[in-house]
Q: 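One structure, pasted below without further comment.
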Amino acid sequence: MPESFDTPADQPPRDMGMHEAARRDKLQRIVELGHDPWGNRFDGHMPISAVRAREAEIVTVPIPEGSEQRSPEQHGPTVRVAGRVMLMRPTGKLIFINIQDWTGEIQIFVGKNQVGEENWDLAKCFDLGDLIGVDGELKRTKTGELTVFATRLHFLTKSLDAPPEKHHGLSDPELRQRMRYVDLVHTEGVAARFIKRTQIIRSIRRTLDDQGFLEVEGPTLHSIAGGAAARPFKTHHNALDIPLFMRIALELHLKRLLVGGFERVYELGRVYRNEGISPRHNPEFTMLEVYQAYGDYGSMMELTEALIVGAIEATGQSKQLMWNGQALDFTPPFQRGTYDELFAKCTNIDPADQAAVRRMAEEIGFNTQGVHPDVIKSEVFEEKVEDALSGPIFVTDYPASICPLTKRKRDNPAVAERFELFVLGMEVANAYTELNDPDLQAALFRTQLDGQKEDDSMAKMDHDFIRALRHGMPPAGGLGVGIDRLVMLLTDAASIRDVILFPLLRPEAEP
RNA sequence: GAGGCUGUAGCUCAGUCGGUAGAGCAACGGACUUUUAAUCCGUAGGUCUUGGGUUCGAGUCCCAACAGCCUCACCA
């Protein structure tokens, strides 16, 4: 055991606050009592939820006749727990401590006479936020609270900084994001939401695996950032001395795998888009893309419903749920409507009447000069239709010219076989019948629609992708799901930053 | 990228009309062997985000910077 775990004495004392000074004093006392303030392996403890589940094993011995005894004696199971000190209520020669692990919270009873002098001295060194281990007997207090009556205490790790206010936790959104480790421990519901996120993702994998899909991993560094209209992050490989881009989509490599004979593939992974941050956008986010050979966008619609219903069930929720105070019903089949139908319904304009559409676009302040009619229509759609959709609703059959990776309808080449799933104006999923004609794909890669900014265009020629299509990609359905947004819906989160553990923030100023 | 709002003790928040900086929790000392946000008595804790300006005097008014949030833009 080292002499001291503290800052060596020859170093000038740091400028520390009173909380840290008090905690370092106690740390020193813990060392003097012969304990390691940073703890060691601690075997044999049970999750607190499992300890709570043993309440039924407590037996109460009736008071013997003629006894002076006031309260009946109890015998409970011997348990060992470990957790973080959340609350302490010292009352003279006994202390009530609430400790928390990731399964729950339980009260510890530490009585001076019950644990003996050595344990008592150690208990007096506990601070809120410390990690401790406890051996004891599970019983109830006279107020009925399930409690571990400590027989032996173990010190597992000192906390040098004070936790936030015990009733309110952290509420400053900046602190919550920068110090997610504190947020997870001390803010009500945060840990539970991220556990739900994991359950949702696990459920999505299970649904896909059960339907015979193969999970794969494509490259995240691309020399051509294709598959979506978005600005990429640029980086550089030193040894090869080449520019590279962080991927903006999973699509083009998964389709190469369709050519390679992987008939059902998916990837669940991070993509990066060098764009603005908002309550619905983080520069890196998690995307699911699924491709199914010999399917089409109709097969993807059924799959989307199965994925979402599975995720709702995996989190133990009803298909009727509340999001930001609004009721949503995810009972399949979800509503559906074609792009043109919904356009006509929400705008009272015939979507085929280009002049009328242009007039409305100008009314909402969009500059239509030299812009492709379908881009104008899409602008009006986003403004007037998307926000009006409560959903969940599948919007189907988009103008072909704004869908350069999508197969056209057999009876109408101006319409693409595509759907997007909207919920309360938020786009959650996007699916296509995939274009597999290499000549048409090459032509569409060359097409830069009038009025579209180059950055926003999908017109990026990927010769290797065309070469892959030339070898024959089966007709297929493809689906993309924004996982963070789905998690927002299923955990009633108003901001994407509430479902991403470490969202992007500007660097903190040096202290 | 543009506009609006916010920034006070470790945390959560008050701070009136411009006139000596406040509370609760946390901390420290004391009392207390069945508490439940324990209670009671006492003590300490502040570059009011930063930098300018106006003023006899600025947490408060003005300007700028930094950070966060919201709306818009970009986008999913």
Side-chain angles (χ1 to χ4, degrees), chain A residues 16-23 25-26 70-71 86-98 105-115 120 127-129 139-147 149 159-179 182-183 186-187 227-232 248-249 271-289 365-366 382-383 386 420-423 425-430 453 455-456 480-486 488 494-497 503 505-511:
Chain A
M16 66 175 82
M18 57 177 176
H19 289 97
E20 182 176 350
R23 281 157 185 263
D25 283 349
K26 288 182 198 162
R70 288 264 188 94
S71 51
M86 302 300 285
L87 289 172
M88 281 198 286
R89 293 177 294 282
T91 75
K93 296 190 173 53
L94 65 88
I95 311 174
F96 290 95
I97 301 173
N98 288 35
E105 191 164 342
I106 196 162
Q107 175 169 273
I108 311 293
F109 177 103
V110 181
K112 186 176 182 183
N113 294 340
Q114 288 83 348
V115 295
W120 182 251
D127 281 305
L128 296 181
K139 292 194 287 191
R140 283 185 221 93
T141 62
K142 73 179 183 189
T143 55
E145 180 79 18
L146 190 64
T147 300
F149 285 77
S159 167
L160 292 177
D161 284 331
E165 211 268 351
K166 65 184 175 189
H167 188 52
H168 301 97
L170 282 186
S171 69
D172 180 342
E174 181 175 357
L175 288 180
R176 289 188 50 208
Q177 293 169 54
R178 288 201 194 279
M179 299 200 287
V182 176
D183 193 37
H186 291 99
T187 311
R231 269 171 280 177
I248 58 171
V271 298
Y272 307 86
R273 298 190 181 178
N274 206 340
E275 279 152 4
I277 295 174
S278 86
R280 292 172 180 191
H281 300 86
N282 192 60
E284 54 177 312
F285 63 101
T286 301
M287 178 103 113
L288 167 71
E289 289 196 28
F366 183 66
E382 282 170 26
E383 183 70 22
E386 288 185 4
E420 291 197 283
L421 175 66
F422 283 94
V423 183
M426 183 160 76
E427 187 192 330
V428 176
N430 188 5
K453 282 177 269 175
D455 279 337
D456 303 339
V481 180
I483 297 298
D484 311 273
R485 289 181 173 181
L486 181 61
M488 284 170 70
S495 168
I496 199 167
R497 292 185 294 274
L505 291 171
R506 287 180 191 275
E508 215 170 342
E510 289 295 315

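Chain letters run A, B, ... following the sequence lines, proteins first, then strands; residues in each count from 1. Since this is a predicted model, take the numbers as computed values, not measurements.
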Q: Given B/U34, B/A73, B/U35, identify the nucleotide with an atom nearest to the side chain of A/Lys142.
A: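 Closest of the options to the side chain of A/Lys142: B/U34.
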Q: With rounding to whole Å, what would you report as the distance between B/C25 and B/C41 at their P atoms?
A: 11 Å
Q: Using a heavy-atom cut-off of 4.0 Å across all strands, would you classify A/Pro279 as base, sugar-phosphate, or nothing?
A: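 Sugar-phosphate contact only - A/Pro279 comes under 4.0 Å of backbone atoms but never of a base.
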Q: Would you say A/Arg89 reaches B/A38's phosphate, i.e. side-chain N/O to OP1/OP2 under 4.0 Å?
A: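 So the side-chain polar atoms of A/Arg89 do come within 4.0 Å of the phosphate oxygens OP1 or OP2 of B/A38, strictly under.
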Q: The side chain of A/Ala22 lies closest to which of these nucleotides: B/C70, B/A27, B/U12?
A: B/A27
Q: Side chains of A/Pro283 and A/Ile277: closer than 4.5 Å at any heavy-atom pair?
A: yes
Q: Does A/Glu289 reach the main-chain N or O of A/Ala249 with its side chain, forming a donor-acceptor pair under 3.5 Å?
A: no
Q: If we take the C1' atom in both B/A76 and B/C61, what is their distance in whole Å?
A: 44 Å
Q: Please confirm whether any donor atom in the side chain of A/Thr141 sits under 3.5 Å from an acceptor in the base of B/U35, or the reverse.
A: yes
Q: Looking across every strand, which nucleic acid part, if any, lies under 4.0 Å from A/Arg23 by heavy atom: base, sugar-phosphate, or nothing?
A: nothing
Q: From the options B/G68, B/A38, B/G24, select the nucleotide whose nearest atom is closest to the side chain of A/Lys166.
A: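 Ranking B/G68, B/A38, B/G24 by closest atom to the A/Lys166 side chain puts B/A38 first.
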Q: At their closest point, which heavy atom of A/Ile95 faces which heavy atom of A/Trp120, and how far apart are they?
A: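 Where A/Ile95 meets A/Trp120 most closely, the heavy atoms are CG1-CH2, 3.7 Å.
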Q: Using heavy-atom distances to pick each residue's nearest nucleotide on RNA chain B, tell me which of A/Ile496 and A/Leu170 is more 5'.
A: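 Upstream on the strand: A/Leu170.
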Q: Using the six-membered base ring of B/A37, report whether A/His167 stacks on it, requiring centroids under 5.5 Å and planes under 30° apart.
A: yes
Q: Mind pulling the stems RNA chain B is in, i.e. runs of at least three Watson-Crick or G-U pairs, everything under 3.5 Å?
A: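 For RNA chain B the paired stretches long enough to count as stems (3 pairs minimum) are B:1-7 with B:66-72, B:10-13 with B:22-25, B:27-31 with B:39-43, B:49-53 with B:61-65.
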Q: Can you identify which nucleotide, out of B/A27, B/U35, B/C11, has its nearest atom closest to the A/Leu128 side chain?
A: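 Looking only at side-chain atoms, A/Leu128 lies closest to B/A27.
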Q: Spell out, as yes or no, whether a donor-acceptor pair under 3.5 Å connects the side chain of A/Gln177 to the backbone of A/Pro173.
A: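 Flag set: sc A/Gln177 to bb A/Pro173 pair under 3.5 Å.
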Q: Which is true for A/Lys26 with a 4.0 Å heavy-atom rule: it touches a base, it touches only sugar-phosphate, or it touches nothing?
A: sugar-phosphate
Q: What is the nucleic acid contact for A/Lys93, judged by heavy atoms within less than 4.0 Å: base, sugar-phosphate only, or nothing?
A: base
Q: I need the minimum non-hydrogen distance between A/Asp484 and A/Thr286, along with the two atoms involved.
A: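 In this case the closest contact between A/Asp484 and A/Thr286 is OD2-N, 2.7 Å.
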Q: Does the ring of A/Phe285 lie flat against the base of B/A76, closer than 5.5 Å centre to centre with planes under 30°?
A: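 So yes, this residue stacks on that base, both cut-offs being met.
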Q: Measuring only the C1' atom in each nucleotide, how far is B/A58 from B/C48? A whole number of Å is fine.
A: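 That atom pair is separated by 11 Å.
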Q: Would one find a side-chain N or O of A/Arg506 under 4.0 angstrom from OP1 or OP2 of B/G68?
A: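 So the side chain of A/Arg506 is within the cut-off, an N or O lying under 4.0 Å from OP1 or OP2 of B/G68.
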Q: Would you indicate what A/Asp172 reaches in the nucleic acid, counting non-hydrogen atoms under 4.0 angstrom: base, sugar-phosphate, or nothing?
A: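 Sugar-phosphate contact only.
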Q: Under 3.5 Å, is there a donor-acceptor pair between the side chain of A/Arg485 and the main chain of A/Arg280?
A: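 Yes: the side chain of A/Arg485 pairs with the backbone of A/Arg280.
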Q: Distance check, P atoms only: B/G15 and B/G22, in whole angstrom units.
A: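 Straight-line distance between the two P atoms is 15 Å.
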Q: Among B/U12, B/A76, B/A73, which is the nearest nucleotide to the side chain of A/Arg273?
A: B/A76
Q: So if I take every side-chain heavy atom of A/Met18 and compare against B/A76, B/C11, B/A26, which nucleotide ends up nearest?
A: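 The nucleotide sitting nearest to the side chain is B/A26.
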Q: Would you say the side-chain atoms of A/Arg89 and A/Gln107 include a donor-acceptor pair closer than 3.5 Å?
A: yes
Q: Need one value for A/Glu174: base, sugar-phosphate or nothing, where a base atom within 4.0 Å counts as base even if backbone is also close, heavy atoms only.
A: sugar-phosphate
Q: With no hydrogens and no angle check, is any side-chain donor or acceptor of A/Asn430 less than 3.5 Å from a backbone partner on A/Glu420?
A: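 No; judged by distance alone, with no hydrogens or angles, the pair does not exist.
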Q: How long is the gap from CG on A/Asn274 to CD on A/Glu284, to the nearest 0.5 Å?
A: 12.0 Å
Q: Considering heavy-atom distances to RNA chain B, does A/Gly169 or A/Phe96 have its closest nucleotide positioned more toward the 5' end?
A: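 In this pair, the answer is A/Gly169.
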Q: Check every strand shown and say whether A/Arg178 touches a base, only sugar-phosphate, or nothing at a heavy-atom separation below 4.0 Å.
A: sugar-phosphate
Q: Is A/Ser171 close enough to B/C13 that one of its side-chain N or O atoms is under 4.0 Å from OP1 or OP2 there?
A: yes
Q: Please measure how far the C1' atom in B/G45 lies from the corresponding atom in B/G10, and state the result in whole Å.
A: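 Going atom to atom, C1' in each nucleotide, I get 10 Å.
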Q: So what does A/Asn282 hit on the nucleic acid, given a heavy-atom distance under 4.0 Å: a base, only sugar-phosphate, or nothing?
A: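 Base, at least one base heavy atom under 4.0 Å.
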Q: Which part of the nucleic acid, if any, lies within contact of A/Arg497, taking any heavy atom under 4.0 Å across all strands shown: a base, the sugar-phosphate backbone alone, or nothing?
A: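 Contact class for A/Arg497: sugar-phosphate only.
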Q: Tell me if the side-chain of A/His19 makes a donor-acceptor pair with the base of B/A26, cut-off 3.5 Å, by modelled atom types.
A: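 Between B/A26 and A/His19, which were checked side chain against base, a qualifying N/O pair under 3.5 Å is present.
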Q: Quick one: is B/C69 close enough that its OP1 or OP2 comes under 4.0 Å of any side-chain N or O from A/Gln177?
A: yes
Q: Taking N and O atoms by type only, does the side chain of A/Gln107 place a donor or acceptor under 3.5 Å from a partner on the base of B/U35?
A: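 Under the 3.5 Å cut-off, the side chain and the base do form a donor-acceptor pair.
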Q: If I pick the P atom on B/A27 and the same atom on B/A38, what distance separates them, to the nearest angstrom?
A: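 That atom pair is separated by 11 Å.
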Q: Give the nucleotide from the list B/U35, B/A38, B/A73 with an atom nearest to the side chain of A/Glu145.
A: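 Selected nucleotide: B/U35.
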Q: Taking B/U71 as the reference, what is the distance to B/U60 when you measure between their P atoms (whole Å, please)?
A: 29 Å
Q: Over all strands shown, is A/Gly111 touching base, sugar-phosphate only, or nothing at heavy-atom distances under 4.0 angstrom?
A: nothing
Q: Classify the nucleic acid contact of A/Glu420 as base, sugar-phosphate or nothing, counting any heavy atom under 4.0 Å across all strands shown.
A: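 Counting heavy atoms under 4.0 Å across all strands, no contact is made by A/Glu420.
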Q: Would you say A/Lys112 places a side-chain N or O within less than 4.0 Å of OP1 or OP2 belonging to B/C32?
A: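 No, no such contact exists.
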Q: Over all heavy atoms of both residues, which pair between A/Pro163 and A/His186 is shortest? Give the atoms and the distance, please.
A: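 Smallest heavy-atom distance, with atoms named: CB-NE2, 3.4 Å.
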Q: P atom, B/G7 versus B/U12: distance in rounded Å?
A: 13 Å
